[in-house]
Amino acid sequence: MSTSLISYVNSIRDNLRLEPSSEKEVIDELQAHIEDKLQELKEAGLSEDEAANTCVSLLGSAKLVARQLYEAHSQGTWRQTLLASMPHLFFALLFALNWWRGSGWLLIMLVLVLTMAVYGWWHGKPTWLFPWLGYSLQPVVIAGLSLLYLPTGWSWLAIFLYIPLASLLLYSITVQTIKRDWLYCSLMLLPVPTIIAWFLVVEPMGKFPEYWLERIHNFAPWIGLSFLALAVTVALFIRLRQRWVKVAVLVISGLLTLIMVACYAEGGLGLLALLVLIVLMLGLVLIPALLEHWIKHGKRQPTA
Amino acid sequence: MVPRRKLIKGSTDSLLLCLISQQPMYGYQIIKELERRSRGYFKFKEGTLYPALHRLEKAGLILGKWQSLAGGRQRRYYYITNKGNSVMVAKMNQWRDFLVAMNLIIQPESI
């Protein structure tokens, strides 16, 4: 195949952002079409290069074709929608029904989240995986936060062991997710601002753990409600076809959830903290897009 | 005046379902067949045919199956499903009603 056709097919592949099995089918089908078209054009008397250029022009804009193919495939089934919303629904139930106090339920949740995340990760990274993946990273974050309460002199543990290992794990998972589709990274990070917001609300003075438990108990129904809002957001995200609408849903839902937390926090979340969290939320939704551009641009840099 | 490509875009699903219901076809063959049977009127931007086919497949109206040819090459043939057949019949009836009504306006002497 000529350079122009290889670059056309690569451009479609880069912009498809489909599951690997669907991507392979689409690319194989396009390549079969290109082979038929090239043969027809060459039989009509065109040279190899002329035939390739004509073929590219007849196929139309690679970005447009990729976008239309993405929209044909991007709507998840109801089963995928339910699977993707489940971790948020479980966390909503955990707080709404006050199950968070039982270590048995917490252990079940942890095992379920890790199992689903590992299963999805090794089975083609389907769309439903990413909300589970987001929660599977929470133990890493919680472990980091608990290091703040280590006795004096133990901070070396954080510096030499936790920080490098946690950074490596988070970096590796983020990059792999962005390579699949940056929007899934945004979806994975969706609960982070909400969790931080509730953390700030329940732990304003560092009186661990009695004060925390009392505050969590007081706010449990509202914490449950905010996770329910995240579940609805994920369901909409999976069912919608167009990328820009998916981005809009993530941003609007992020804003509304944070405002909801601020409203129910009874002054526990100040205006400045709310603004910082909104900026963080926008960053978590949009920075993966920049990272994707950086990863792809970096990949294509010619070696000196 | 409505551009021709807009008219074609609005009738893409009907055209594809109708062709595939007559015989299983692959993408390249569909483009050639549409062009031949419409005497060049229906000319698709070739890349945009596949999103339309995949959309119909996702909706369960057609089914794509890979078939191996002599020489090791593979082609993805599309077959109409039962659901696709019902939708196609409904669309064809709609088109016939539309064409009859249009003819009544365009050729009033035939009334």
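Because only heavy atoms are used, hydrogens play no part in the values below, and waters and symmetry mates are left out as well, while side chains stay in. Naming: A, B, ... by sequence-line order, numbering from 1 per chain.
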Is [X] close to chain B through its backbone or its side chain, or both, or neither, when contacts mean heavy atoms under 4.5 Å?
X	value
A/S57	backbone
A/L30	side chain
A/E71	neither

- Taking the six-membered ring for Trp, are the ring centroids of A/H33 and B/Y28 within less than 6.0 Å of each other?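 Yes, close enough.
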Is a donor from one side chain sitting under 3.5 angstrom from an acceptor on the other, for [X] and [Y]?
X	Y	result
A/Q75	A/R241	yes
B/S68	B/Q74	yes
B/R76	B/Y78	yes

- Message: One thing to verify: whether A/D36 and B/R73 come together as a salt bridge, which I'm taking to mean a side-chain N less than 4.0 angstrom from a carboxylate O.
- Response: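 Judged by the 4.0 Å cut-off on N to carboxylate O distance, B/R73 and A/D36 do form a salt bridge.
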- Message: Within the supplied structure, the quantity of interest is the number of heavy atoms (other residues, nucleotides, ligands) at a distance under 6.0 Å from B/K32 NZ; does it exceed 12?
- Response: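 Enclosed.
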- Message: Sort by residue number and list every residue of residues 51-60 of chain B having at least one heavy atom under 4.5 Å from chain A.
- Response: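 The stretch touches chain A at B/P51, B/H54, B/R55, B/K58.
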- Quick one: do A/Y135 and A/F91 satisfy ring pair (Phe, Tyr, Trp, His ring centres under 6.0 Å)? Show the steps, please. CA-CA 10 Å; A/Y135 281 106; A/F91 272 87; 4.3 Å; yes
- Message: Can you give me the closest heavy-atom contact between B/L34 and B/S38, atom names plus distance?
- Response: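 Minimum heavy-atom contact is O-OG, 2.7 Å.
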- Query: Taking A/L64, A/V65, A/L58 one by one, which has the highest count of heavy-atom pairs under 4.5 Å against chain B?
  - Reply: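 Of A/L64, A/V65, A/L58, A/L58 has the most heavy-atom pairs under 4.5 Å with chain B.
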